[in-house]
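Below is one structure; the comments refer to it alone.
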Protein chains: 2
Amino acid sequence: MVTLAQVAQHAGVSPSTVSYVISGKRSISQDTRLRVERSIAELGYHPHAGARALASNRSHVIALVVPLRTDMFVPVVMEIAIAVTTTARRYAHDVLLLTSEEGPSAIKRITNSGLADAMILMDVELEDERIPLLRQTGTAAALIGLPADPAGLTCVDLDFEATGRLAADHLADLGHREVALIGPAESVYRRHTGFAERTLTGFRQQAGVRGLRFLHRPCGDGHEAASGTLSRIFEERPGITGLVVQNESALPHLLGQLRQSGRAVPEDVSVVAICPDDVALHSAPRLTSVSVPAKEMGRRAVELVMALAAGRPAEELTLLTPALTIRESSGPGPR
Amino acid sequence: MVTLAQVAQHAGVSPSTVSYVISGKRSISQDTRLRVERSIAELGYHPHAGARALASNRSHVIALVVPLRTDMFVPVVMEIAIAVTTTARRYAHDVLLLTSEEGPSAIKRITNSGLADAMILMDVELEDERIPLLRQTGTAAALIGLPADPAGLTCVDLDFEATGRLAADHLADLGHREVALIGPAESVYRRHTGFAERTLTGFRQQAGVRGLRFLHRPCGDGHEAASGTLSRIFEERPGITGLVVQNESALPHLLGQLRQSGRAVPEDVSVVAICPDDVALHSAPRLTSVSVPAKEMGRRAVELVMALAAGRPAEELTLLTPALTIRESSGPGPR
DNA sequence: ACCTACTGTCGAAGCGCTTCACCAATCCTG
DNA sequence: CAGGATTGGTGAAGCGCTTCGACAGTAGGT
């Protein structure tokens with residue numbers, strides 16, 4: 001293993017100089033910097049992470065807590081996780097993967113052991129038991145998702161209320177009068193995971209403003225749940241011509257079921273999905289959708305948390321503005 | 001921050017004693033052990049990861065390299081990742097998440113910096129450029145997937161050849177005579193990611209043995225690709241009554257298309273999927289499937305890598321035996 | 001009874017790095 | 001051109017832990 005001392009010797013300078021070249025915390029003459037850098041490359045030197053963490057009290061690691069429960073759409077979780085690690089690398093940081101299985105104690109363990117400088121939490125619940133701990137330990141942390149009381153925390157999320165409003169507006173604009181919101185599984189609402197409820201709130205509000213008659217139904221995963229939900233909706237409200245779907249895994253089943261039951265999209269029913277773009281693009285017809293900006297959320301979370309870890313202040317609430325892309329699944333309403 | 005020295009003082013012993021209590025590397029009297037353990041709990045002590053890594057040369061971290069390219073089914077990747085982290089925790093280890101973006105240099109960086117004691121690589125290609133590095137540095141590593149030459153490496157994978165044979169056998173047993181294998185996107189075959197080719201090999205072999213006439217077609221993601229592939233298959237071979245599908249994301253579209261084109265499953269066409277169980281269960285009809293044991297793979301990889309890191313020898317090749325579960329999508333063939 | 005062996009504990013060295021205090025040389029600035 | 005800044009470099013302390021060797025004290029074998 002190559003050590004800093006060896007690099008120093010090879011470059012003919014003192015260890016501290018090498019350290020300063022690497023960290024950039026002091027000005028170093030062009031000349032010696034080059035010499036040191038050449039030695040580093042030549043010897044293939046990489047600083048020992050543990051030693052560095054011990055001496056500097058910073059590990060250059062961000063902990064990412066991913067949900068175990070899979071009522072968040074798994075590909076979105078993965079996309080965020082990947083965005084987090086690639087962004088972290090741009091800050092010369094690595095990512096430690098934790099699951100919510102370990103619970104709140106994981107937070108204590110990580111902060112106390114100095115394993116990570118900062119944390120990013122996904123799958124935040126409205127009354128998340130980890131939040132008091134975060135507040136009290138003053139850990140540099142960003143939440144992806146919104147708890148009930150985000151004061152003093154740093155949160156990133158899509159503005160789901162605006163998303164709901166946007167979807168309602170789009171259907172209203174097209175002339176639809178009766179619409180339905182198909183959400184995630186009921187368990188998600190019961191666990192108060194925020195995003196589902198916020199979409200509903202925004203949707204309900206704007207539906208009111210625009211005079212839309214509307215229905216809201218949760219929908220489980222799988223084909224059966226999807227087709228059951230769908231037929232019950234049309235049974236109850238045969239006049240429905242607009243559907244907003246916030247449930248990625250039900251989407252293909254829902255579309256298949258519509259096709260099979262003889263309702264053409266968009267001629268008979270318009271569909272607006274809340275999903276990642278690639279899901280919208282891989283459906284038939286291609287879906288008008290409000291995209292879930294997973295990459296952006298991951299990236300922002302890292303940026304915020306890096307600011308916090310560096311002692312800089314960070315925006316408390318980052319609500320990403322939703323964007324609706326009109327594709328082939330939505331068209332003019334009745335008449 | 002609580003240090004080992006503080007624990008020692010609190011318990012009235014020397015620091016080294018505390019260390020030995022924690023590591024169990026020397027025998028400690030019942031009496032002092034209890035006293036120390038109580039102090040640890042009382043002070044909420046967690047060893048400083050960096051200091052420990054520096055002194056002991058072991059970081060208690062496993063690096064997990066996940067694919068960036070998403071031609072592996074994302075939920076499977078995620079499930080493996082989660083299985084890896086939960087299993088790692090049982091060995092008191094944490095998991096560092098890397099993406100294949102950084103390429104082979106990541107391996108050097110991690111091993112040289114002592115950030116991780118071992119690595120688990122997913123998305124291994126037949127001629128993976130990281131493998132020489134692994135061999136040469138002697139890194140404790142496990143591969144999930146099979147390279148062209150696994151000699152001297154530690155690999156875990158589903159036995160895809162057996163999987164192909166199993167699927168062929170099942171259809172043959174049911175009396176089908178003409179069948180098709182619908183695989184992942186063509187790009188996957190071109191990149192030689194092993195698993196697709198191995199399934200094909202096993203399927204072809206057993207189809208030969210059982211006298212099945214068969215066709216093989218890759219299939220892209222999305223509805224269009226799926227329905228296109230399907231109609232071309234039936235155009236070319238109208239007599240086909242059995243389908244093996246190794247493409248999770250095409251599955252719902254394929255099934256929808258079959259339904260729509262008036263082919264009943266399993267009355268007209270039998271479908272055998274190679275996919276995780278929950279995908280099979282969430283389809284309609286529930287699919288006869290060979291399950292991809294993601295959890296098991298993650299778990300095994302950790303166990304193997306922990307053995308290697310501890311200097312114990314490890315199985316070079318772990319091929320998990322596939323299991324076919326008969327559900328509702330496969331039935332008797334023609335006649 | 002003596003020597004050996006083992007058990008339980010301690011002290012201290014040292015892992016590889018960062019950073020503080022210090023120094024020498026150069027640079028302005030009035 | 002004196003005096004204070006500024007720049008570029010060094011030496012050494014010390015971060016919190018593990019681990020080696022030492023050392024009492026007790027046990028076991030003969």
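Naming: A, B, ... by sequence-line order, numbering from 1 per chain.
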| request: Would you please confirm or rule out a distance under 4.0 Å between OP1 or OP2 of dG8(D) and any side-chain N or O of S27(A)? | output: yes
| task | Using modelled atom types only, decide if a donor and an acceptor are shared between the side chain of S59(B) and the backbone of A53(B) within a distance under 3.5 Å. | result | no
| said: Nearest whole Å is fine: how far is dG8(D) P from Q30(A) CD? | reply: 10 Å
| Per R26(B) side chain, nearest of listed nucleotides dT10(D), dC20(D), dC17(C) | dC20(D)
| request: Please report, rounded to the nearest Å, how far the P atom of dG16(C) is from the CD1 atom of I22(A). | output: 14 Å
| First encountered from the 5' end of DNA chain C, between P15(A) and V13(B) | V13(B)
| What integer distance in Å separates L115(A):CG from dG16(D):C1'? | 14 Å
| query | Can you find a side chain N or O atom of Y45(A) that sits less than 4.0 Å from OP1 or OP2 on dC17(C)? | reply | yes
| Sidechain N-carboxylate O distance under 4.0 Å for E102(B), R109(B) | yes
| task | Select base, sugar-phosphate, or nothing to describe what T17(A) touches, counting heavy atoms under 4.0 Å on all strands. | result | base
| field | 5′-ward residue of the pair M1(B)/R33(A) relative to DNA chain D | value | R33(A)
| Between atom CD in Q9(A) and atom C1' in dT10(D), what is the gap in whole Å? | 15 Å
| query | Between the main-chain N or O of T321(B) and the side-chain N or O of D159(B), is there a donor-acceptor pair closer than 3.5 Å? | reply | no
| field | OP1 or OP2 of dG16(D) under 4.0 Å from side-chain N/O of T3(B) | value | no
| request: With heavy atoms under 4.0 Å as the rule, sort T32(B) into base, sugar-phosphate or nothing. | output: sugar-phosphate
| task | Provide, to the nearest angstrom, the distance between the CZ atom belonging to R58(A) and the P atom belonging to dC15(D). | result | 19 Å
| query | Taking side chain as C-beta onward, heavy atoms only, is I22(B) less than 4.5 Å from Y45(B)? | reply | yes
| message | The side chain of Y20(A) is closest to which nucleotide in this list: dG16(C), dA12(C), dT19(C)? | response | dT19(C)
| query | Counting any heavy atom closer than 4.0 Å, what does I28(A) reach on the DNA or RNA strands: base, sugar-phosphate only, or nothing? | reply | sugar-phosphate
| said: Does dT18(C) have its OP1 or OP2 closer than 4.0 Å to a side-chain nitrogen or oxygen of K25(A)? | reply: no
| said: Just the rounded figure in Å: distance from P of dC17(C) to NE2 of H48(B). | reply: 15 Å
| query | When you check the phosphate oxygens OP1 and OP2 of dT18(D), does a side-chain N or O of S56(B) lie under 4.0 Å from one of them? | reply | no
| said: Using whole Å, what does the distance between atom P of nucleotide dC17(D) and atom CG of L54(B) come to? | reply: 12 Å
| Within this structure, what is the CG-to-C1' distance between N57(A) and dT18(C), rounded to whole angstrom? | 11 Å
| At under 4.0 Å, does any side-chain N or O of S19(A) touch on OP1 or OP2 of dT19(C)? | no
| said: Regarding E101(B) and R89(A), does a basic nitrogen lie under 4.0 Å from an acidic carboxylate oxygen? | reply: no
| note | Comparing nearest nucleotides in DNA chain C, the 5'-proximal residue of the pair A51(B), S16(B) is S16(B)
| said: Strictly below 4.0 Å: does S29(A) bring a side-chain N or O up to OP1 or OP2 of dG9(D)? | reply: yes
| task | Measure up the F195(A) and F160(A) rings against each other and bin them: parallel (under 30°), tilted (30 to 60°), perpendicular (over 60°). | result | tilted
| request: Look at the side-chain N and O atoms of R52(B) and state whether any lies under 4.0 Å from the OP1 or OP2 oxygen of dG16(D). | output: no
